[in-house]
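One structure below.
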Amino acid sequence: MAVAAAFAPGSLLPTTPSTHLAPFTLRFRFSLLPRRAAVVAAAATLREVCAGRVPDHVLQRAEEVGYVVPTEVQEQSLPLLLSGQDCILHAQTGSGKTLAYLLSVFSAIDFSRSSVQALVVVPTRELGMQVTKVARLLAAKACTVMALLDGGMLKRQKSWVKAEPPAVIVATVASLCQMVERRAFSLQSMRVLVIDEVDFIFGSSKQVSSLRKILTSYSAASSRQTIFASASIPQHNRFLHDCVQHKWTKSDVVHVHVHPVQPMPSHLCHKYVICTKKERLHVLLSLLERDAPKSGIIFVAEQSERSKKAGNPPSTTVVAEFLRNAYKGSLDVLLLEEDMNFNARAASFSEVKGRGFLLVSTDIASRGFDLPQTSHIYNFDLPKTATDYLHRAGRTGREPFSRLECGVTTLITEDEHFVLQRFQNELKFHCEELPLESMFTFS
């Protein structure tokens with residue numbers, strides 16, 4: 001069996017499989033692991049899983065902030081990642097993929113070398129800020145972690161990189177390509193390449209060609225460990241094939257797929273209200289008063305080009321202004337839009353940390369946006385795809401609220417009902433209808 005060949009007899013950790021082996025998928029916790037390898041997967045603590053592979057100071061920092069018991073995706077993936085295996089991490093939102101790949105990064109780099117040894121590529125600045133924060137927390141000043149996230153800083157950062165190359169770079173696709181093409185640094189010494197939210201980047205017409213350059217032109221898959229991560233990888237078997245075919249990864253890449261039959265976290269409570277577009281603002285206000293969320297994100301569709309040309313304000317602005325005038329609760333109403341400049345977006349992001357908020361946003365907040373206090377999601381506009389629904393819903397139900405009932409409520413017209421039903425079938429969740437009249441009958 002190809003899987004068995006990937007592990008040395010009597011070894012707790014997998015060795016690097018020979019390159020002729022076909023890629024395979026790891027679906028269930030122990031079914032594909034040898035008996036002694038299963039001991040690692042069942043280890044009680046993160047430290048035991050990472051013993052001898054991750055520097056002690058990194059593990060100590062992880063423990064200090066509460067990362068003590070590994071999540072299921074960490075149990076399954078870390079024995080592979082820490083052996084240098086190329087992996088596709090495919091698990092629910094909030095499942096711990098970021099920590100898994102960062103531990104792999106810190107296990108691979110040489111802290112005494114001054115060169116770019118690890119690269120984490122992200123689709124948005126907001127996700128980049130979060131990954132950078134966790135990476136710096138784990139590094140504990142033992143190495144430099146630099147964020148290349150646009151914002152007019154690239155000229156200054158170019159001189160910093162040349163003077164003292166950081167060991168780890170977290171970058172958006174555009175910023176990274178700009179810096180490499182300006183020869184600010186080389187990726188030839190890179191040991192680990194992580195592509196977070198990989199399906200989103202491949203699905204972006206603006207980013208996909210640059211991503212292909214990063215995967216094949218700036219460094220070779222044979223000389224690095226490649227890690228892809230996402231909660232949603234449509235047609236994952238085809239993607240696995242493409243990884244090998246296009247040499248984005250080595251031929252022995254492993255697909256670690258946690259809860260493949262349940263893509264949506266089971267503890268979320270899904271509801272919907274059928275109303276007209278004219279009623280939506282007042283229905284939203286009624287829901288907020290009814291639910292009294294600890295914090296919430298209200299997802300609104302991006303403004304169409306036709307609407308822009310007509311001089312109409314974006315729907316996000318309309319919703320935010322309405323709530324600022326009509327909402328009488330204690331939560332601050334904040335706005336996040338893609339067209340906002342970097343400093344304004346960064347300010348919105350930092351404002352919501354550690355306090356109650358109602359964040360009105362486009363789908364820019366749906367990928368990797370980790371605000372644990374978010375208890376409720378409101379889809380003011382129906383997402384375009386089931387994948388978009390999954391990622392929006394994944395912004396709630398994260399620690400420390402994951403054991404509490406967290407809500408996802410969608411406002412739809414009668415004509416959109418069949419689309420929501422299709423999402424339910426595809427993502428295997430149940431959505432309860434809230435009658436429109438009930439929105440206005442409580443005291």
Side-chain angles (χ1 to χ4, degrees), residues 90-95 97 122-127 130 172-173 195-208 211 228-236 239 259-260 262-265 268-274 277 280 284 296-305 307 314-316 319 335-339 345 359-371 374 376-398 406-413 415-431:
H90 190 175
Q92 294 174 346
T93 59
S95 58
K97 297 183 293 294
V122 294
T124 67
R125 300 160 180 172
E126 285 71 27
L127 177 55
Q130 292 182 169
T172 55
V173 174
I195 311 293
D196 205 347
E197 302 291 356
V198 62
D199 63 310
F200 184 84
I201 302 178
F202 267 115
S204 167
S205 57
K206 294 180 181 179
Q207 301 186 66
V208 64
L211 177 60
F228 293 132
S230 184
S232 56
I233 302 180
Q235 298 181 314
H236 53 262
F239 180 70
H259 297 307
Q262 189 182 26
M264 186 73 71
L268 300 185
C269 180
H270 303 264
K271 299 177 181 179
Y272 69 95
V273 180
I274 297 177
K277 290 189 180 295
R280 281 189 304 176
L284 174 64
I297 302 177
I298 300 157
F299 283 104
V300 180
E302 290 184 12
Q303 187 180 22
S304 67
E305 289 301 319
S307 177
S315 295
T316 44
V319 173
L335 180 63
L336 183 66
E337 294 177 299
E338 190 164 5
D339 289 341
R345 282 168 60 177
L359 180 65
V360 181
S361 177
T362 59
D363 276 318
I364 192 171
S366 68
R367 292 277 182 156
F369 208 78
D370 190 7
L371 296 167
T374 304
H376 288 71
I377 299 296
Y378 299 95
N379 290 318
F380 185 80
D381 289 304
L382 187 68
K384 291 180 180 179
T385 67
T387 296
D388 292 337
Y389 187 100
L390 172 69
H391 283 278
R392 288 183 182 186
R395 297 314 99 207
T396 188
R398 307 169 84 90
C406 296
V408 181
T409 305
T410 304
L411 308 185
I412 58 172
T413 63
D415 292 341
E416 293 172 324
H417 192 201
F418 81 98
V419 181
L420 183 59
Q421 287 178 320
R422 193 174 72 230
F423 292 171
Q424 293 178 72
N425 293 336
E426 189 172 335
L427 298 174
K428 299 177 177 60
F429 70 94
H430 172 70
C431 204

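Computed over heavy atoms, backbone and side chain alike; hydrogens, waters and symmetry mates excluded.
Between the CG atom in L335 and the OG atom in S361 there is a gap of 8.0 Å [rounded to 0.5 Å]. The distance from atom CD of E197 to atom OG of S204, rounded to the nearest 0.5 Å, is 12.5 Å. Taking CD1 of I377 as the start and SG of C406 as the end, the distance is 9.0 Å to the nearest 0.5 Å. Atom CD1 of I298 sits about 4.5 Å away from atom CG of L284, to the nearest 0.5 Å. Rounding to the nearest 0.5 angstrom, the gap separating the CD atom in E302 from the OG atom in S307 is 12.0 Å. Taken to the nearest 0.5 Å, the CD atom of E416 stands 12.5 Å off from the OH atom of Y272.
The two atoms that bring A393 and H270 nearest to each other are CB-CE1, 4.4 Å, heavy atoms only. The heavy-atom pair separating A231 from Q92 by the smallest distance is CB-C, 4.0 Å. Shortest non-hydrogen contact noted between P123 and I201 is CB-CG1, 3.7 Å. Taking all atoms of both residues into account, the shortest heavy-atom contact from P383 to R392 is CG-NH1, 3.5 Å. The shortest non-hydrogen separation linking A365 to R395 is O-CD, 3.3 Å. Nearest heavy-atom pair across T387 and P234 is OG1-CG, 4.3 Å.
Looking at heavy atoms from C-beta onward, T410 lies out of side-chain contact with C431 at the 4.5 angstrom threshold. Using a 4.5 Å heavy-atom cutoff, the side chains of Y389 and V408 are in contact. Residues N379 and T409 are not in side-chain contact: their nearest non-hydrogen atoms beyond the backbone lie 4.5 Å or more apart. Between Y378 and L411 the shortest side-chain heavy-atom distance does not fall below 4.5 Å. H417 places a side-chain heavy atom less than 4.5 Å from the side chain of I412. Side-chain contact check for K277 versus T413: some heavy-atom pair is nearer than 4.5 Å. Considering only heavy atoms from C-beta on, E126 comes within 4.5 Å of L336 through its side chain. Proximity of Q303 to T362: side-chain heavy atoms (C-beta onward) are nowhere separated by under 4.5 Å.
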Please determine whether side-chain contact (heavy atoms from CB on, under 4.5 Å) holds for the pair V122 and T172, giving the CA-CA distance in whole Å, both sets of side-chain angles, and the decisive distance to 0.1 Å.
CA-CA 5 Å; V122 294; T172 55; 4.2 Å; yes
What's the verdict on side-chain contact (heavy atoms from CB on, under 4.5 Å) for R280 and D381, showing C-alpha distance, side-chain angles and the deciding distance?
CA-CA 9 Å; R280 281 189 304 176; D381 289 304; 2.5 Å; yes
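Within the 3.5 Å criterion, the main-chain N or O of A91 finds a donor-acceptor partner in the side chain of K97. Judged by distance alone, the side chain of T396 and the main-chain N or O of T374 form a donor-acceptor pair under 3.5 Å.
In terms of the side-chain contact (heavy atoms from CB on, under 4.5 Å) criterion, residue partners of V419 (sequence neighbours excluded) are, by chain and number, L382, R422, F423. Remark: S232 engages D199, H391 in a side chain to side chain donor-acceptor pair (under 3.5 Å) (not counting sequence neighbours). Scored by the ring-ring contact (aromatic ring centres under 6.0 Å, His included) test, F228 finds F239 as partners (sequence neighbours excluded).
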